[in-house]
Amino acid sequence: MKKFVRGVDAFNSFCGKWIALLILPLIFVVVYEVVMRRVFQSPTTWAFEMTVYFYGAHFMLGAAYTHLHDRHVRIDIIAQQFPTKVRLIVNLITFWLIFVPFVGCLSYAAVTYAAHSWSVWEHSWSAWKPPLYPYKTIMPIAMIMLLIQGIANFIRDVYRLKGEEI
Amino acid sequence: MILDFNPETLALIMFGTLFIALFLGHPLAFSLGAVATFFGLLGWGGSADVVLALFANKTYGVMEEYVLVAVPLFIFMAQMLDASGIAEKLFHTMHVLWGPVRGGLGIAVIMVCAIFAASTGVVGATEVAIGLLAAPALMRRKYNIPLIAGCICAGGTLGIIIPPSIMLVVYGGLVGMSVGKLFAAAFFPGILLAVLYMIYIAVRCGISPHLGPPLPEEERTYSPTKILWMVLTSLVPPMFLIALVLGSIVAGVATTTEAAGLGASGAIVLAAGYRKLTWTAVKDAAQATLLVTSMVLVLFLGGNAFQSIFMGLGGGDAILNILLGLEVHPLVVLFIMMGCVFFLGMFIDWLGILLIVLPIFTPIAGELGFDQLWFATLICVNLQMAFLTPPFGYSLFYLRGIAPPEMTMGMIYRGVVPFICLQWAGLFICIFVPELVLWLPRALFGD
């Protein structure tokens, strides 16, 4: 179990560092399009959609990394008043009551959603007409990474309750 | 339909459940989503498949929303500016310029924050950078500690009202309004707040100089040419960024998203100019950007899920009927809405508030015949307070994270109170002088 937690942490930490760098091509494409359109009067057909793809991949795939670093904003003003033990127990309960229902359902929904896109070989309506199924597949991948990180955090909290830090 | 209530009751139950879920301390994004999941599966007539497909659709909606692409770009721009060390230079210059005046260093803090606010769109990085410099510097000069805390918190919060601002980007993305117009509308209200803060500091320190003494004579040793050089090197680069971002939007050269991209690349160039552009700096900025961006946009996923179920169950109409059923003057309804936003601001962060209230309040404002641009600006000015009102206020947390040990949480709480009053004053001015909000967008973009 401890190995699993460490493995998930290492995986999401590794992925997060690379995903973070997606901001650089995002900036590049945005600036490239402005320069091409305004300076050379030859707008691209692909920059608009490329921009959106980089942006979507960036924040969606970053969700697990953000959860690993506990940076999804939470309102813990009340929780902080409790002793650590109570807080950990609340964490364990909210994992089943809040995290699993939503992230689980959304993961399932995302798989169905992307599968449908693959089944019809969905393409965009724009002039460039890129295939949409690779982009839509990011949704289930991101959600499952997030789900696994949530499970790892849950197990970590179980160990903490026993007084062990992973 | 398992839960068979009328819409009003169901709306109330759903909100009640949300508040209980929020205070359990689980991330807001998932709490919103979980409440949506339960009420969607149990309370809605549609089948589970329909609800899940709706969630996936809404999620993809966020993934393809071009307007929101500006969010990571503005955040990266702020991180890069932070790494460039421009805040230090700017603060040092303002310190020298304003030091001789009573309360001058407090005014300097607000000025630096306002200039920064006009070049970036976030609160965190700016406030931390300026707070780290200003708190020790002002304490060394025997400034009143609560006053210092108030200055830094209120000044840092300007980042998200003075355009560019990710709050306005998010607002535009949520409601489908032109972000350029929102920027123009929020410009003078943002400046108004900054001016109110500076007047307050000047008057208070003018009356009781021990709160903010002027710099002693022996420290005013800079020659005029030296000062001029400092102003040039520290003020021109941010002005260049402001011109690049806001200028390209106003001139119609670029969309908001493109302007954000230009700003981000401009910030990289600036960091290079100050010889702070290293691969480590870029990597750190990118990682910090990812953490904030993902937090903001994943919250969108939960918020969208919540809102689509809440509206689908008729909760929006229920609240609309209650508020319009009061049959009072529209201004009273406006104040009720503003009061709600203020109250929520004590416990929830700005983004959660926008996600929860906008879909409900926007149609109400429409029914009452309010100008949507004016209403949007009022909400955003109001949300400035959400950063400062305890117990949950981002600006308080940021300052707590970097405060010197002598600055206690109690001092910070006490210090922000006058600034919250000033923000209320600013909000009232915007309510009763709508021209302050509407003049610039009309002048720039027409009607």
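So you know, we letter chains A, B, ... as the sequences are listed, proteins then strands, and number each from 1.
- Residue Tyr135(A) touches chain B through both its backbone and its side chain, counting heavy-atom pairs closer than 4.5 Å.
- Ser13(A) and Tyr65(A) make their closest contact through O-CE1, 3.8 Å (heavy atoms, listed as atom of the first residue, atom of the second, distance).
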Decide salt bridge (charged side-chain N to carboxylate O under 4.0 Å, His left out) for Arg160(A) and Asp157(A); before the verdict, give the C-alpha distance in whole Å, the side-chain angles of both, and the deciding distance to 0.1 Å.
-> CA-CA 5 Å; Arg160(A) 272 189 192 146; Asp157(A) 281 343; 3.3 Å; yes
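- For Val90(A), the part sitting under 4.5 Å from any heavy atom of chain B is the side chain, from C-beta outward, and nothing else.
- In this structure, chain B has a heavy atom under 4.5 Å from the side chain of His67(A), while its backbone stays farther away.
- Only the side chain of Arg38(A) comes within contact range of chain B, with at least one heavy atom under 4.5 Å from a heavy atom of that chain.
- Contact annotation for Phe102(A): both backbone and side-chain heavy atoms come within less than 4.5 Å of a heavy atom of chain B.
- Thr389(B) contributes a side-chain N or O that, together with a main-chain N or O of Gly345(B), makes up a donor-acceptor pair within less than 3.5 Å.
- Residue Glu49(A): no heavy atom, backbone or side chain, is found under 4.5 Å from chain B.
- Interface remark: Leu68(A) contributes no atoms to any contact with chain B (heavy atom separation under 4.5 Å).
- Proximity to chain B is limited to the side chain of Arg37(A), based on heavy atoms less than 4.5 angstrom apart.
- Of the two parts of Tyr113(A), only the side chain, counted from C-beta on, holds a non-hydrogen atom closer than 4.5 Å to a non-hydrogen atom of chain B.
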